[in-house]
Amino acid sequence: MPVDLKTVRNIGIVAHIDAGKTTLSERILYYTKREHRMGTVDEGTAKMDYLEEEQQRGITITSAATSCAWKGHHINLIDTPGHVDFTAEVERSLSVLDGAVGVFCGVAGVQAQSETVWRQADRHHVPRIAFVNKLDRTGADPDRAVRSIRARLGVNAVAAQLPIGRERDFEGVVDLVREIALVWTDELGETFEERPIPAALKDDAELARADLVEQLANVDDQLSLHFLEGKPIGAEELKQALRRAVIARKLVPVFFGAALRNRGIQAVLDAIVDYLPSPIDVGAMEVARIDGKGKERFAPDPADDLLALAFKTIHDAHGDLTFLRIYSGVLKSNQSVFNSREQKAERVGRLYRMHADEREALEEAGPGEIVGAIGLRFTKTGDTLCPKPRAVQIEGMQFPDTVISQSIEPKTAADRDALNEALEFVARDDPTFRYRIDEETGQAIVSGMGELHLEIVSNRIGRDYKVPIRIGKPRVAYRQTAAQAMEGDATFRHVFAGKPQFGRVRLRVEPREQIQPTVHLSIPNDRVHRTFWLAIEQAAKAAVKSGLDLGYPIVRVHVEVFDGETREGETTEAALAKATDDAFQDAMKKAGAVLLEPIMAFEVQTPTEFMKSVTGDLNARRGAIDAVDTQNDFAKIAGRVPLAETFGYSTVLRSMSQGRASFSMQPADYQPVPPEVANRLTF
């Protein structure tokens with residue numbers, strides 16, 4: 001039976017680690033009757049954290065998809081990780097979602113990873129609502145949390161509710177739109193009463209509602225007319241204005257609750273239905289054709305051609321599972337589809353609606369659906385399925401560079417092929433995992449987003465692929481750049497099979513501020529014909545990526561290829577490619593290579609009694625403290641520290657704080673390695 005697209009909501013739960021995303025997701029599943037019991041993260045029984053590693057560690061590692069129903073609406077929900085090492089999971093999810101719920105801690109407010117996932121959602125133009133969680137915790141301050149959302153995220157965040165009570169006395173919220181109080185009356189949070197607003201909160205509620213109306217009037221023309229005329233604004237009118245403002249990403253309404261104590265969840269479900277967009281609200285997609293001849297328009301209509309994006313793959317012994325978001329048309333089991341990147345036809349074997357690790361077989365799925373598919377052999381993360389005559393490629397996913405490496409080798413030579421196969425499967429599933437085989441040692445050098453990321457991968461290789469391995473110490477993924485602008489000139493002359501080959505290239509390397517290197521060709525056409533330009537450009541990009549003697553990629557440079565020389569009958573693409581590489585090496589040698597190290601933005605939360613020890617230790621690690629915010633008996637310390645100085649930091653921090661402090665880090669920048677530190681490095 002076709003689903004009414006107006007009632008579909010594709011949403012994600014995003015936040016900093018330990019803000020309560022999975023707890024909120026578990027309550028949503030319980031109140032929508034998708035699950036008959038509430039799973040808990042601490043006990044390892046959360047439905048959405050189904051991996052063994054997630055249950056043991058009490059954190060979300062991989063995004064999990066499910067679906068549920070609320071008040072006649074179909075909600076496709078993805079619970080995402082909050083740890084920076086697994087930011088690729090958030091990126092993949094946000095690329096296919098129509099809306100999101102940002103979860104914030106009522107005590108800490110906006111935390112480091114909160115900013116990262118919020119910026120990711122900005123890049124994908126995802127409308128959001130905010131849920132301030134843990135208002136039952138000591139030190140919870142909803143007003144401060146809203147202020148931090150405004151200040152640190154730069155958004156127009158406005159309270160749509162007022163909490164009733166705080167900390168242990170938190171019992172409900174005032175709904176400012178309908179002007180009523182919602183009070184939860186049982187431990188499971190299944191029942192709540194709608195009451196008049198408590199007398200003690202009446203004045204605050206009137207002021208808060210007036211502020212909500214005023215903020216909406218500033219961004220919504222329809223409401224603005226009534227506001228300026230002084231007409232009373234009813235609940236339905238306010239709700240419609242709020243929906244328009246959220247979908248237009250002009251305002252973020254803030255809701256309050258305590259997920260672990262089962263307070264406020266139904267109101268969040270109502271907000272998902274009332275304010276976040278349906279596929280109809282998102283509208284048609286205009287996607288660039290891969291042949292460069294304009295764009296194709298795909299409407300969220302089952303009668304249109306198929307347009308689907310593969311946003312995640314999971315290797316499985318029974319057949320790889322590919323997660324798809326369908327934007328247009330209908331996808332059926334056993335249907336032949338076209339992969340525009342691979343330029344190959346594929347066949348979908350079976351379709352499933354996912355519920356974490358459970359699968360419900362489907363015969364077909366239409367626009368707005370998020371499904372799993374078995375049978376796609378070539379399709380990878382980011383690939384587009386579409387008609388061959390209208391071949392397009394949906395763009396948008398951006399994955400960060402790896403920052404840490406370590407060696408992995410099998411315990412026996414007989415397992416070497418099995419290890420290589422396992423690494424290939426992991427790399428296909430995880431866009432932020434890289435590996436290469438060291439030609440001298442035969443070891444596999446794996447790279448990832450952090451110590452935890454590589455630890456999870458190593459455990460997976462041993463547990464899932466049954467390959468016993470030995471693991472080396474983590475190593476920093478350094479980079480290099482040019483100290484100054486310099487030109488390079490190289491000529492390639494060689495006789496191959498009695499035939500001379502010739503090519504000459506001149507280029508300039510210039511330092512730049514942006515991390516990602518760029519390559520541009522400005523060679524006069526009478527010097528090197530355009531038919532050779534692609535080979536030169538690809539060679540220049542390869543030279544930048546492979547780096548110099550140390551093998552570290554080059555960043556923060558611009559390469560300008562401005563001259564060259566060819567000879568009729570002697571010049572080949574291979575000759576010009578070798579000359580390009582030699583010219584780049586020549587320019588970098590003259591410019592002087594500077595070794596760069598990854599710098600991490602950190603945020604430590606610690607009881608104030610341990611603050612002196614924590615800051616002293618950070619200073620000893622070459623850390624720079626930018627801000628210290630003291631709240632009650634806790635302090636939040638923010639700053640930057642070289643990644644090389646952070647290995648094993650979690651153990652040290654636990655020891656210094658009697659296990660009461662926590663921290664988070666995320667890649668922030670690359671900076672030159674101080675000479676005294678560089679002299680101690682061994683490569």
Side-chain angles (χ1 to χ4, degrees), residues 288-295 340-343 391-393 395 398 401 434 436 439 479-596 670:
R289 292 177 58 93
I290 61 173
D291 59 11
K293 298 179 180 178
K295 295 183 177 181
S340 63
R341 183 186 63 83
E342 289 284 348
Q343 290 286 291
V392 295
Q393 177 63 50
E395 302 290 349
Q398 297 179 14
D401 289 335
R434 304 280 189 276
R436 63 180 176 84
E439 294 180 0
R479 298 288 187 266
Q480 289 182 287
T481 191
Q484 58 183 322
M486 279 291 171
E487 293 183 3
D489 188 346
T491 301
F492 178 79
R493 292 186 180 91
H494 187 71
V495 177
F496 181 73
K499 184 177 181 181
Q501 292 195 30
F502 174 86
R504 183 188 178 194
V505 169
R506 296 179 64 198
L507 55 79
R508 181 184 301 107
V509 173
E510 300 176 357
R512 291 285 173 91
E513 280 299 315
Q514 68 181 44
I515 289 288
Q516 292 298 326
T518 53
V519 174
H520 182 256
L521 273 64
S522 57
I523 312 171
N525 200 40
D526 60 346
R527 297 286 291 167
V528 177
H529 194 269
R530 283 185 175 271
T531 54
F532 292 112
W533 280 27
L534 180 60
I536 294 173
E537 182 182 18
Q538 290 177 338
K541 290 180 178 179
V544 170
K545 187 175 182 180
S546 59
L548 308 177
D549 293 340
L550 294 177
Y552 295 124
I554 308 297
V555 297
R556 284 186 170 159
V557 296
H558 174 69
V559 181
E560 182 82 21
V561 185
F562 61 87
D563 193 17
E565 185 181 343
T566 60
R567 292 179 183 174
E568 186 71 29
E570 295 185 13
T571 298
T572 63
E573 290 185 353
L576 285 171
K578 184 63 169 68
T580 302
D581 183 73
D582 291 345
F584 177 77
Q585 299 289 332
D586 179 48
M588 286 297 298
K589 183 177 180 180
K590 294 174 182 175
V594 178
L595 188 64
L596 302 176
Y670 282 91

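The first residue of the sequence shown is numbered 1, and numbering continues consecutively from there.
- Among Thr580, Asp582, Leu576, the one residue that satisfies the side chain to side chain contact (heavy atoms under 4.5 Å, CB included) test with Lys578 is Asp582.
- For the pair Ile554 and Thr481, the tightest heavy-atom approach, listed with the atom from each and the gap, is CG2-CA, 4.3 Å.
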Check: Going through the distances and angles, do Arg504 and Asp489 end up as a salt bridge (Lys or Arg N to Asp or Glu O under 4.0 Å)?
Finding: CA-CA 8 Å; Arg504 183 188 178 194; Asp489 188 346; 2.6 Å; yes
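- Taking NE2 of His558 as the start and CD of Gln516 as the end, the distance is 14.5 Å to the nearest 0.5 Å.
- Counting all heavy atoms, side chain and backbone alike, Ala482 lies closest to Ala591 at CB-CB, 4.0 Å.
- The closest donor-acceptor contact from the side chain of Arg527 to the backbone of Gly564 lies under 3.5 Å.
- Across all their heavy atoms, Ala485 and Pro511 have their closest contact at N-CD, 3.6 Å.
- Considering only residues two or more places apart in sequence or on other chains, Gln585 meets the side chain to side chain donor-acceptor pair (under 3.5 Å) condition with none of them.
- A distance of 10.0 Å separates CD1 in Ile523 from CZ in Phe562, rounded to the nearest 0.5 Å.
- Here the closest non-hydrogen pair linking Ala490 and Ala579 is CB-O, 3.4 Å.
- Lys541 pairs by the side-chain contact (heavy atoms from CB on, under 4.5 Å) definition with Val519, Glu537, not counting sequence neighbours.
- Annotation: the span from Arg512 atom CZ to Thr518 atom OG1 amounts to 5.5 Å, rounded to 0.5 Å.
- Judged by distance alone, the side chain of Asn525 and the main-chain N or O of Arg530 form a donor-acceptor pair under 3.5 Å.
- A search for side chain to side chain donor-acceptor pair (under 3.5 Å) contacts involving His520 returns Glu560, not counting sequence neighbours.
- Note on residues 564-576: pairs passing side-chain hydrogen bond (donor to acceptor under 3.5 Å, both in side chains), not counting sequence neighbours, are Gln501-Thr572.
- Applying the side chain to side chain donor-acceptor pair (under 3.5 Å) criterion to Asp586, with sequence neighbours excluded, gives Lys590.
- The closest donor-acceptor contact from the side chain of Arg289 to the backbone of Val392 lies at 3.5 Å or more, if one exists at all.
- The distance from the CG atom of Leu596 to the OH atom of Tyr552 is 11.5 Å, given to the nearest 0.5 Å.
- Taking the side chain to side chain donor-acceptor pair (under 3.5 Å) definition, one finds that Asp526 meets it with nothing, sequence neighbours left out.
- Between the CD atom of Gln393 and the CG atom of Asp291 there is a distance of 13.0 Å, given to the nearest 0.5 Å.
- Side chain of Arg479 to main chain of Ile515: no donor-acceptor pair is present (N/O by atom type, distance under 3.5 Å, no hydrogens or angles).
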